[in-house]
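Bear in mind the structure is a predicted one, so any value in this text is a computation, not a measurement. FYI, side chains are in, hydrogens and waters are out, and symmetry mates aren't considered; it's all heavy atoms of this structure.
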2 protein chains.
Amino acid sequence: MAHENFSIGDLAKATKTKVVTIRYYERIGLLPEPERTAGNYRSYSAAHLGRLSFIRRARDLGFSIEQVRDLLSLSDQRDRSCEAVDAIACAHLTEVDRKIADLQALRRELGSIIDQCGCGTIAECRIIEALSP
Amino acid sequence: MAHENFSIGDLAKATKTKVVTIRYYERIGLLPEPERTAGNYRSYSAAHLGRLSFIRRARDLGFSIEQVRDLLSLSDQRDRSCEAVDAIACAHLTEVDRKIADLQALRRELGSIIDQCGCGTIAECRIIEALSP
DNA sequence: CTTGACCCTATAGTTGCTACAGGGTGCATA
DNA sequence: TATGCACCCTGTAGCAACTATAGGGTCAAG
């Protein structure tokens, strides 16, 4: 069996991706258009499955669609230095760290406000008070 | 001076909010429509300024627009129990904690992959390898 | 009057999906 | 053959929370 054909549903199940999301990736050019059956159903190859797996893994790691696009492009250039890959990954890691820090600051403030709240009426609610001018 | 009037630009500066965002809040009903000048400029009262401050503080703490809408409604009911406020705040805090945990898991995985990357060619790139099937 | 900062409305775009509408295909079963 | 159900298709609009763009009016100082 030199050529396996997968339906879009097969790909969706194999990669835990929604069918509509796969169509979306095709529309934005992230996944190449596959061949079609006589019934106009999409017919994917194993290479498509591999590429979609890459996309999902990168998305799960929080890389933006554009970053994924760049990573895919770079991954095709086997002899090229992986410096650019490193740059994308490190920029993303820095962004993740910033988000964590922001959320932690937010959490501290919010937690502090909530801790002060002894449930009475709105008029004496510390949460409302903290938000009010 | 019993009645102070602020332009939309005044409000924007006072609350570090963009003018277009203030118009947006009005459109979605979060901020009541103000009076207008003869030239059709919005003319805000101090009460508007107070309400916008509340909105911005709540947004900065990560509350969704809908949560802010609910909090605003609750804040007007002075004699009511602040239980509902507490519920909104705690639900939000739980969500923030979940986001932090997710990001930290992601960060650990991403960081580990990046640490293994000794820059050579794409063909031997550990980052690309980690993403590939 | 001119100019520049500010204001106005309406509409479309951003990111990454996701929902909905309406219709076709494939296959198993009666 | 007919039916039913799961799956497929395209096109378009929606979601959250803004934000950009287009085109035009207002205000106040020089």
Side-chain angles (χ1 to χ4, degrees), chain A residues 5-31 33-44 48 52 54-72 88 91-92 95-96 98-99 102-103 106, chain B residues 5-31 33-44 48 52 54-72 88 91-92 95-96 98-99 102-103 106:
Chain A
N5 295 324
F6 304 100
S7 71
I8 196 167
D10 296 334
L11 249 69
K13 288 193 195 68
T15 57
K16 293 187 170 73
T17 310
K18 293 195 171 179
V19 164
V20 298
T21 305
I22 298 174
R23 287 198 202 106
Y24 167 68
Y25 290 155
E26 179 188 312
R27 202 173 73 244
I28 62 174
L30 217 45
L31 201 57
E33 286 186 29
E35 292 180 344
R36 296 287 180 132
T37 64
N40 201 32
Y41 281 25
R42 289 171 173 78
S43 177
Y44 293 97
H48 281 104
L52 183 57
F54 186 107
I55 293 167
R56 289 313 313 168
R57 283 208 189 88
R59 289 290 303 129
D60 287 341
L61 283 176
F63 288 101
S64 70
I65 293 284
E66 274 314 298
Q67 286 174 325
V68 175
R69 196 189 302 277
D70 291 342
L71 289 172
L72 281 168
I88 292 172
H92 178 45
E95 182 65 16
V96 170
R98 191 193 57 75
K99 281 178 185 167
D102 285 351
L103 278 173
L106 186 162
Chain B
N5 295 325
F6 303 100
S7 71
I8 195 167
D10 295 334
L11 248 70
K13 288 196 196 67
T15 58
K16 293 190 172 67
T17 310
K18 293 195 172 180
V19 163
V20 296
T21 306
I22 298 175
R23 288 202 201 101
Y24 168 67
Y25 289 154
E26 179 186 311
R27 203 172 72 243
I28 62 175
L30 217 46
L31 200 58
E33 288 185 28
E35 292 178 346
R36 296 285 181 134
T37 65
N40 200 33
Y41 282 25
R42 289 171 174 78
S43 178
Y44 293 97
H48 281 103
L52 183 58
F54 186 107
I55 292 167
R56 291 308 318 167
R57 285 210 189 87
R59 289 288 306 126
D60 287 341
L61 283 175
F63 288 101
S64 70
I65 294 282
E66 274 315 297
Q67 286 172 326
V68 174
R69 197 190 299 281
D70 291 341
L71 289 172
L72 280 168
I88 292 172
H92 178 45
E95 182 67 14
V96 170
R98 192 192 58 72
K99 280 179 185 170
D102 285 351
L103 277 174
L106 188 161

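Atoms NZ and CG, from B:Lys99 and A:Leu103 in turn, are 6.5 Å apart once rounded to the nearest 0.5 Å. Put simply, CG on B:Leu71 and CZ on B:Phe54 are 5.0 Å apart, with the number rounded to the nearest 0.5 Å. Distance OG1/A:Thr37 to CG/A:Asn5: 9.5 Å, rounded to 0.5 Å. B:Arg23 contributes atom CZ, which lies 14.5 Å from atom CD1 of B:Ile28 (distance to the nearest 0.5 angstrom). How far OG1 of A:Thr17 is from CD1 of A:Ile8: 10.0 Å, rounded to the nearest 0.5 Å.
Residue side chain B:Tyr41 does not reach the base of C:dC8 through any donor-acceptor N/O pair under 3.5 Å, judged by distance alone. Side-chain to base pairing of A:Tyr25 with C:dG16: no donor and acceptor N or O lie closer than 3.5 Å to each other.
In terms of the salt bridge (charged side-chain N to carboxylate O under 4.0 Å, His left out) criterion, residue partners of B:Arg42 (sequence neighbours excluded) are, by chain and number, B:Glu26. Taking A:His48 as the reference, A:Ser45 meet the side chain to side chain donor-acceptor pair (under 3.5 Å) condition, with sequence neighbours excluded.
Mapped onto DNA chain C by nearest heavy atom, A:Gly39 and A:Thr21 fall at different nucleotides, with A:Thr21 at the one closer to the 5' end.
The backbone N or O of A:Leu61 lies less than 3.5 Å from a partner atom in the side chain of A:His92, making a donor-acceptor pair. Judged purely by atom type and a 3.5 angstrom limit, A:Asp60 has no side-chain atom pairing as donor or acceptor with the backbone of A:Arg57. Proximity of a side-chain donor or acceptor of A:Asp10 to a complementary backbone N or O of A:Ser7 within less than 3.5 Å is detected.
We find that OH of A:Tyr24 is positioned 19 Å from P of C:dC20, with the value rounded to whole Å. As a whole-Å value, the separation of B:Phe6 CZ from C:dC7 P is 14 Å. Between the CD1 atom of A:Ile65 and the C1' atom of C:dT14 there is a distance of 13 Å, rounded to whole Å.
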Within the sub-3.5 Å range, which N or O atoms of nucleotides 9-12 of chain C have a protein N or O partner, and how far apart are they?
unit_1	atom_1	unit_2	atom_2	d
C:dT9	OP1	B:Arg36	NH1	3.3
C:dT9	OP1	B:Arg36	NH2	2.7
C:dT9	OP2	B:Arg42	NH1	3.0
C:dT9	OP2	B:Arg42	NH2	2.9

Where do B:Leu52 and B:Tyr44 land on the side chain to side chain contact (heavy atoms under 4.5 Å, CB included) test, with the steps shown first?
CA-CA 11 Å; B:Leu52 183 58; B:Tyr44 293 97; over 6 Å; no
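Think of the region where chain A sits on DNA chain D: with heavy atoms and a 4.0 Å cut, that region ends 5' and 3' at D:dC7 to D:dT10.
The side-chain heavy atoms of A:Leu30 and A:Tyr24, taken from C-beta on, include no pair separated by under 4.5 Å. Contact of the A:Phe6 side chain with the A:Lys13 side chain is not registered, since no non-hydrogen atoms from C-beta on lie closer than 4.5 Å.
For DNA chain C, if you chain together Watson-Crick or G-U pairs that step i with j, i+1 with j-1 and so on, the runs of at least three with distances under 3.5 Å are C:1-30 with D:1-30.
Listed in residue order, the members of residues 7-18 of chain B having a heavy atom less than 4.0 Å from DNA chain C are B:Ser7, B:Ile8, B:Gly9.
When each of C:dC8, C:dC17, C:dT18 is scored by its nearest atom to the side-chain atoms of A:Val20, the top-ranked nucleotide is C:dT18.
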